[in-house]
A.B. asks: 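One structure follows; several queries about it will come next.
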Amino acid sequence: MSSEALIIFFIGGVIMVGAGILASNLLAPKSKNPLKAEPYECGVPTQGTSWIQFRVGYYLFAILFLIFDVETVFIFPWAVVMKKVGLSAFIEILIFLIILGLGLLYAWKKKALKWE
Amino acid sequence: MKWLYDFSYLTRAIHEGLSARFEPGTVVILEMVLVGITFMLLFALLGLVLVYAERKVSAVIQQRLGPMRVGKWGTAQTLADVIKLLLKEPLINKDADKFLFNLAPFVIMIAAFMAIAALPFAKGLHAIDFDIGILYVAAVSSLGVIGILLAGWSSNNKYSLIGAMRAGAQIISYELSVALSLLTIVVLTGSLQFSTIVESQADGWWIFKGHIPAMIAFVIFLIASTAETNRGPFDLAEAESELTAGFHTEYSGLKFAFFFLAEFANMFIVAGIGATVFLGGWMPFHIGSWEGFNAVMDFIPPIFWFFGKVGFMIFLMMWFRWTFPRLRIDQLLTLEWKYLLPINLMNIVLMAFLSLMGWHF
C-alpha cells in the first residue's frame, strides 16, 4: 500500500482507544465519593500542587539531545550514500564527527553531563 | 500453501476478489479497513500473548509457577485481567487536567499503531513499505514520549510528574543510540527501506556480515531499545518501589491497560526493527554452501522466521528485566552520554572505514 494508507493507522489507534474507553465507561460501575478523586500519594492529604518548577538538569539534557538529534538527522542521508561516494564521504563524516565530538567533550568538561 | 512463503499471492488474491465485486474507490477503502482491523487484532493478540509470556518468564526466572488457575496453565489469565480492567471504575484525580489526562492514552497508542505500519512481517506481508523506513520508525516511535509526559504532567501527582520527567530524559537520550546503531548498518545497506534491507541479507545477516562493528551496534541497539521502551533495568519511569507506578499512577481501568498494551507493543516494534536490520528479518538462516541445510531452512516459512527472531529479542529483553537491578537516573544518563554515544560515534566511523575498504561480506 502507498503511504497515504498511513491515515488508517492513525484512525485505527483512535478507534481502538476510543472504543475501549467508551465500553469501559458503559460497563464499569460508578459511585461518587470525594475521597476517590484525591491524588494517589501517601494516604495523608496532598500538600500543594504538583505543577511546580522542575529541576534544570532535565532541560540541559533536552538541549544536548537537540544538538545530537540534529546531528543524527545529518548522518541519515550520509549513511545512505556512503558506499556510493566512497573516500570523500568518509573524510567529510570524519571532520563532522570530530567537530561534534569536541562539542560533546566541551559539555563533558563543563560538567553538563554530571547529574547532581 | 504457496501463500505461506510469499504473501503477495494472498494479498493479490484479496485485491482481485474485491475488485471483481466493487468499484475501485470502494476497494481502496475496504482494503484500508481490512488492514486496520488486522492490525487491531494483532495488537490485541500481542497484548494477550506478551503479558502472559512476561509473567511466565518472570516466574521461571524466580522459580515460581506464575499464573496457573485460569485456563490450562493459566493461558486465559490475561483475558480475565482485561475483563477485570474493563469493569473497573475509571477514576480521575480532582486536580487533574482532564483533557490532557484523557488525551495521553490516545497519543501513546497512536504512536505505537503508526510505528508498526512500517514493519515487514514476511515476504509480501508489509502494510506500508516506506522508502525512508528507518527514519520514519525513528521519528514516529519517539512520539510516544509525548504521551508519557502528558500523562505524568496532567495527573497532578508528584510521583507521576517525577516519573514522566525521568521518562522524558531517558527516552530522548537513548533515542540517539537507537538511531545511530541502526545507521551503522545503513552504511552497509545503502538504503533506509526495510524491504531492501531484508533483501540485502539473503546471503547472510548483517550481524555476521558486518564483522565486529555490527555486533557492537547490535549490543548498543539492544541496550538502547530496552531503555527506550522503559523496561528492564531502565524502568525508572514507573519504578514501583519508589514512585508507586510512575507516570500512570493515577490511571485506572482500561486507560491503564492501554499504557500497558503500548509498552508491550513498543517492545514488539523495537524487537521487530532489530530483527529486520540486524538479524535478517524474515530471511532464513543460511550457511555458505551447505545446500542441504539451506534447503531445510528455506522450508520454514518466512513469517515463522520473523516471529521467531522477534520472540528471541523479546525474550532477551524480559531476561534483562528480571535479572538486572534498576539503575539510578545519574547512572542511566552516564551510561548513555559517556559510554554508548561516544562508542557509537566511533563505531559508525569504523563501519564506514570497513565499507570503504570492502572488508565485509
Side-chain angles (χ1 to χ4, degrees), chain A residues 1-3 5-18 20-21 23-25 27-31 34 36-41 46 49-51 54 58 61-62 64-65 68-69 72 75-76 79-84 86-87 89-90 93-94 97 100-101 104 108 113-116, chain B residues 31-32 35-36 39-40 43 86-95 105-106 109-110 113-114 117 127-128 130 135 156-159 161 165 168-169 172-173 175-176 179-180 183 186-187 190-192 244 249-250 253-255 258 329-330 333-334 337-338 341-342 345 348-349 352-353 355-356:
Chain A
M1 284 215 286
S2 54
S3 31
L6 199 55
I7 188 77
I8 200 68
F9 287 91
F10 184 86
I11 297 171
V14 173
I15 290 177
M16 193 161 178
V17 182
I21 288 175
S24 164
N25 276 338
L27 291 172
K30 276 183 210 72
S31 64
K36 280 187 185 170
E38 288 289 320
Y40 187 80
E41 279 174 17
T46 309
T49 174
S50 304
W51 294 336
F54 222 76
Y58 291 106
F61 278 97
L64 272 177
F65 159 75
F68 281 90
D69 206 36
T72 314
I75 295 182
F76 264 97
V80 175
V81 297
M82 165 67 212
K83 240 180 171 176
K84 273 178 235 145
L87 188 62
F90 179 69
I93 204 67
L94 215 56
L97 286 183
L100 265 157
L104 186 64
W108 200 326
L113 303 183
K114 208 169 163 208
W115 191 263
E116 48 196 348
Chain B
E31 280 173 357
M32 279 183 163
V35 169
F39 274 87
M40 274 188 222
F43 257 62
L86 192 65
L87 296 176
K88 280 246 174 182
E89 183 179 356
L91 296 175
I92 296 188
N93 182 345
K94 67 177 178 350
D95 304 321
F106 281 96
M109 278 297 285
I110 288 169
F113 238 93
M114 288 174 79
I128 304 170
F130 291 102
L135 179 63
N156 203 347
N157 177 318
K158 276 120 193 154
Y159 293 134
L161 186 64
M165 292 305 275
I172 60 172
S173 297
E175 205 184 297
L176 294 172
L180 284 173
L183 282 177
V186 172
V187 170
S191 171
L192 295 170
T244 334
T249 306
E250 289 288 344
L254 218 61
K255 282 180 213 157
F258 282 122
I329 182 86
D330 60 325
L333 292 169
T334 305
W337 291 95
K338 295 192 180 166
L341 188 64
L345 291 177
I348 206 165
V349 172
F353 186 66
S355 92
L356 191 69

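Note on naming: letters A, B, ... go to the chains in the order of the sequence lines (proteins, then strands), and numbering restarts at 1 for each one.
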A.B. asks: Heavy-atom distances under 4.5 Å only: say whether B:Phe106 touches chain A with side chain, backbone, both or neither.
C.D. replies: both
A.B. asks: Looking at every heavy atom in both B:Ala117 and A:Leu6, which two are closest together, and how far apart are they?
C.D. replies: CB-CD1, 4.1 Å
A.B. asks: Need one label for A:Phe65: side chain, backbone, both or neither, based on atoms under 4.5 Å from any heavy atom in chain B.
C.D. replies: both
A.B. asks: Examine whether an atom of B:Leu86 lies under 4.5 Å from a heavy atom of chain A, and if so say whether it belongs to the side chain, the backbone or both; otherwise answer neither.
C.D. replies: both
A.B. asks: Is A:Leu100 close to chain B through its backbone or its side chain, or both, or neither, when contacts mean heavy atoms under 4.5 Å?
C.D. replies: neither
A.B. asks: Please name all residues satisfying side chain to side chain donor-acceptor pair (under 3.5 Å) with B:Thr249, sequence neighbours left out, ordered by chain then number.
C.D. replies: none
A.B. asks: Could you tell me which portion of A:Leu94 (side chain, backbone, both or neither) has an atom closer than 4.5 angstrom to a non-hydrogen atom of chain B?
C.D. replies: side chain
A.B. asks: What part of A:Val80 gets within 4.5 angstrom of chain B, counting heavy atoms only: side chain, backbone, both, or neither?
C.D. replies: both
A.B. asks: Highest number of heavy-atom pairs under 4.5 Å with chain A: which of B:Leu183, B:Leu254, B:Leu341?
C.D. replies: B:Leu183
A.B. asks: Checking A:Tyr58 against chain B: side chain, backbone, both or neither under 4.5 Å from a heavy atom?
C.D. replies: side chain
A.B. asks: Checking A:Ile75 against chain B: side chain, backbone, both or neither under 4.5 Å from a heavy atom?
C.D. replies: both
A.B. asks: Between A:Lys83 and B:Ser355, which heavy-atom pair has the shortest distance, and what is it?
C.D. replies: CG-OG, 4.3 Å
A.B. asks: So how far is it from B:Lys88 NZ to A:Leu27 CG, rounded to the nearest 0.5 Å?
C.D. replies: 15.0 Å
A.B. asks: For B:Asp330, what residues pass the side chain to side chain donor-acceptor pair (under 3.5 Å) criterion, not counting sequence neighbours?
C.D. replies: B:Arg328
A.B. asks: Can you tell which part of B:Glu250 gets under 4.5 Å to a heavy atom of chain A, answering side chain, backbone, both or neither?
C.D. replies: side chain
A.B. asks: Where do A:Trp108 and B:Pro342 come nearest, in terms of heavy atoms and distance?
C.D. replies: CZ3-CG, 4.5 Å
